[in-house]
> 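My structure is below; once you've seen it, I'll send some questions.
Just the heavy atoms: all of them, side chains too, but no hydrogens, waters or symmetry mates, feed the values below.
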Amino acid sequence: MWGDIAIAFLLAFITAFMMTPYSIKLAKKVGAVDVPKDNRRMHHKPIPKLGGVAVIAGFVVSFIYLVITLSIEDSSRLNLFGTEQYGRKILGFFVGVLILGITCFIDDVKTIKPLAKLSGQLLAAIAVVISGIRIIEVVPLFESAVLNEVISVILTIVWIVIVTNAINLIDGLDGLSSGISVISAVSLLIIFVLNGSSMVSIVLITALAGALVGFLPYNFSPAKTFLGDTGSNFLGFSLSIISILGSAKTYTAAVIVLPLIVLGLPIFDTFMAIVRRIIKGKSIKAVFKADKGHLHHRLLAKGYSQKQAVY
């Protein structure tokens, strides 16, 4: 298994690292460049923002290669067409990635309204739920409880949309969201391996970690490129779904609770942003108005440099 993990990581790393310069050229060609127009932005010159395309490429290439090689060696290891129907679930996941990717690519190039982007996120989440990926159990007061179907569907969609937006909203400093996502991915990988989670979830989270590490050299301060909404939404979307796949059918309280703790920082920051904006704007519409109240903004206001705040 460790050999497979190493291959997944290295292939994703190499692909993302080599593809990032091309994503920079693509961003400049289609006009997906972040121009510092207000004081919320920490950079002072235009920065290409399609780095997420390289991350997605690294992730997809690595996963497809591992699926092919593992299926040739022993098809039962991935269990794509067994009782868990991982093949159908992975198809739903990639359909969701495609829907979200198209929506966010348009947003990076032309900028779309927040509600339009939210609609894309909801459609992507619904595609995932239809494929069979669902939160089936929660742990209230340390005792597991199986959810009924309606609550399971609603909770899964809410979880996916929240984590997707959480990673997107925390993407405010060079290397911040990508760095937090690497830590989250590695933490989930350790949890999955120790608790005997499915091989599919282990390969997915390893490919994601490798792709991010390959992208980070271009994203650390001073950044040569940004993830853009295409990348940050993909990261949150993937982490939310892989955490479900890794926890499914593994009835250990730690496996069910720990993904929530691993993603606690961006989720907490998002929750506080929603509360803060509603109180300040005195309406639900205020939730969609950007501000400078995020944790990283507060650290900068205390006198930390960008690198110090990220670390």
Side-chain angles (χ1 to χ4, degrees), residues 12 15-16 19 23 26-27 30 32 34 48-64 88-135 153-171 177-178 180-181 184-185 188 200-201 204-205 207-209 211-212 215 219 225-245 259 263 266-267 270 287-288:
T15 303
M19 285 295 295
S23 74
L26 174 64
V30 299
D34 194 332
K49 55 177 182 177
L50 280 181
V53 172
V55 175
I56 295 172
F59 174 80
V60 171
V61 168
S62 174
F63 180 72
I64 290 176
R88 178 184 172 184
K89 292 176 181 178
I90 294 303
L91 178 61
F93 170 55
F94 278 107
V95 169
V97 168
L98 182 62
I99 294 170
L100 192 62
I102 292 172
T103 302
C104 294
F105 184 88
I106 295 171
D107 187 45
D108 280 331
V109 175
K110 295 186 176 181
T111 305
I112 60 177
K113 294 182 179 180
L115 283 176
K117 188 162 64 174
L118 179 61
S119 298
Q121 293 171 348
L122 286 170
L123 282 174
I126 290 169
V128 168
V129 169
I130 289 173
S131 74
I133 299 175
R134 295 178 188 175
I135 297 172
V153 168
I154 294 172
L155 186 59
T156 303
I157 292 173
V158 170
W159 167 255
I160 292 171
V161 172
I162 286 176
V163 178
T164 300
N165 282 288
I167 299 298
N168 182 42
L169 288 174
I170 209 167
D171 188 23
S177 63
S178 50
I180 286 176
S181 295
S184 299
L188 288 174
V200 166
S201 61
L204 283 169
I205 202 66
L208 187 64
L212 281 166
F215 172 72
N219 191 226
T225 183
F226 294 153
L227 281 166
D229 274 8
T230 305
S232 59
N233 277 260
F234 167 75
L235 292 182
F237 186 74
S238 299
L239 286 169
S240 68
I241 292 163
I242 297 170
S243 65
I244 296 173
L245 285 172
L263 296 164
I267 290 173
T270 300
V287 171
F288 299 105

> Side chains of Leu100 and Phe234: closer than 4.5 Å at any heavy-atom pair?
no
> Any side-chain heavy-atom pair from Val129 and Arg134 closer than 4.5 angstrom?
yes
> Give, for atom CG of Leu245 and atom CD1 of Ile133, the distance between the pair rounded to the nearest 0.5 Å.
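Between Leu245 CG and Ile133 CD1, I get 4.5 Å after rounding to 0.5 Å.
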> How long is the span from the OG1 atom in Thr164 to the CD1 atom in Ile241, to the nearest 0.5 Å?
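Answer for the OG1-CD1 pair, Thr164 versus Ile241, is 7.0 Å.
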> Check whether any side-chain heavy atom of Phe226 sits under 4.5 Å from a side-chain heavy atom of Ser232, and report yes or no.
no
> Would you compute the distance between atom OG of Ser243 and atom CG of Leu204 and round it to the nearest 0.5 angstrom?
11.5 Å
> Side-chain contact, heavy-atom cut-off 4.5 Å: Val128 with Phe237?
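A side-chain contact exists here, since the closest heavy-atom pair is under 4.5 Å.
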> Any chance you could measure Ile205, atom CD1, to Ile242, atom CD1, to the nearest 0.5 Å?
4.0 Å
> Taking Asp229's backbone N and O only, do any of them form a donor-acceptor pair with Asn233's side chain (distance below 3.5 Å, no angle check)?
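It does hold such a pair.
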> Which heavy atom of Ile126 sits nearest to which heavy atom of Ile157, and what is that distance?
CG1-CD1, 4.0 Å
> Determine yes or no for a side-chain-to-main-chain donor-acceptor pair under 3.5 angstrom, with Thr15 supplying the side chain and Ala12 the backbone.
no
> For the pair Phe94 and Phe59, name the ring-plane relationship: parallel under 30°, tilted 30 to 60°, perpendicular over 60°.
tilted
> How long is the gap from CG on Leu239 to CG on Leu263, to the nearest 0.5 Å?
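Between Leu239 CG and Leu263 CG, I get 5.5 Å after rounding to 0.5 Å.
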> Only one of Val158, Val153, Ile160 passes side-chain contact (heavy atoms from CB on, under 4.5 Å) with Thr156; say which it is.
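Passing option: Ile160.
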> Is the shortest heavy-atom distance from the side chain of Val95 to the side chain of Ile130 under 4.5 Å?
no
> Any heavy-atom pair between the side chains of Leu212 and Leu235 that's under 4.5 Å?
yes
> Does any non-hydrogen side-chain atom of Val161 lie less than 4.5 Å from one of Leu122?
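A side-chain contact exists here, since the closest heavy-atom pair is under 4.5 Å.
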> Could you note down all residue pairs passing salt bridge (charged side-chain N to carboxylate O under 4.0 Å, His left out) where residues 120-129 supplies at least one of them, sequence neighbours left out?
none
> Work out which heavy atom in Val163 is nearest to a heavy atom in Ser240; give both atom names and the distance.
CB-CB, 3.7 Å
> Which atom names give the shortest non-hydrogen contact between Ser178 and Asn219, and what distance separates them?
OG-OD1, 2.7 Å
> Apply ring pair (Phe, Tyr, Trp, His ring centres under 6.0 Å) to Phe105 and list each qualifying residue two or more places apart in sequence or on a separate chain.
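Ring pair (Phe, Tyr, Trp, His ring centres under 6.0 Å) list for Phe105, sorted by chain: empty.
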> Quick one: side-chain hydrogen bond (donor to acceptor under 3.5 Å, both in side chains) partners of Ser23, sequence neighbours excluded?
none
> Looking at every heavy atom in both Gly132 and Lys89, which two are closest together, and how far apart are they?
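Result for this residue pair: O-CE, 3.6 Å.
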> Please, which pairs that meet salt bridge (charged side-chain N to carboxylate O under 4.0 Å, His left out) have at least one residue in residues 93-113, sequence neighbours excluded?
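Sorted result for residues 93-113: Asp107-Lys117.
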> Taking all non-hydrogen atoms of both residues into account, name the closest pair between Thr270 and Ala166 and its distance.
OG1-CA, 2.9 Å
> Suppose the criterion is salt bridge (charged side-chain N to carboxylate O under 4.0 Å, His left out): which pairs have a residue in residues 160-171, not counting sequence neighbours?
none
> What is the distance from atom SG of Cys104 to atom CD1 of Ile112, rounded to the nearest 0.5 Å?
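The CD1 atom of Ile112 is 7.0 Å from SG of Cys104, to the nearest 0.5 Å.
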> Looking at every non-hydrogen atom in both residues, tell me the closest pair between Thr225 and Pro48 and how far apart they are.
OG1-O, 3.1 Å
> Restricting to ring pair (Phe, Tyr, Trp, His ring centres under 6.0 Å), what partner residues turn up for Phe215, sequence neighbours left out?
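Not a single residue meets the ring pair (Phe, Tyr, Trp, His ring centres under 6.0 Å) criterion with Phe215.
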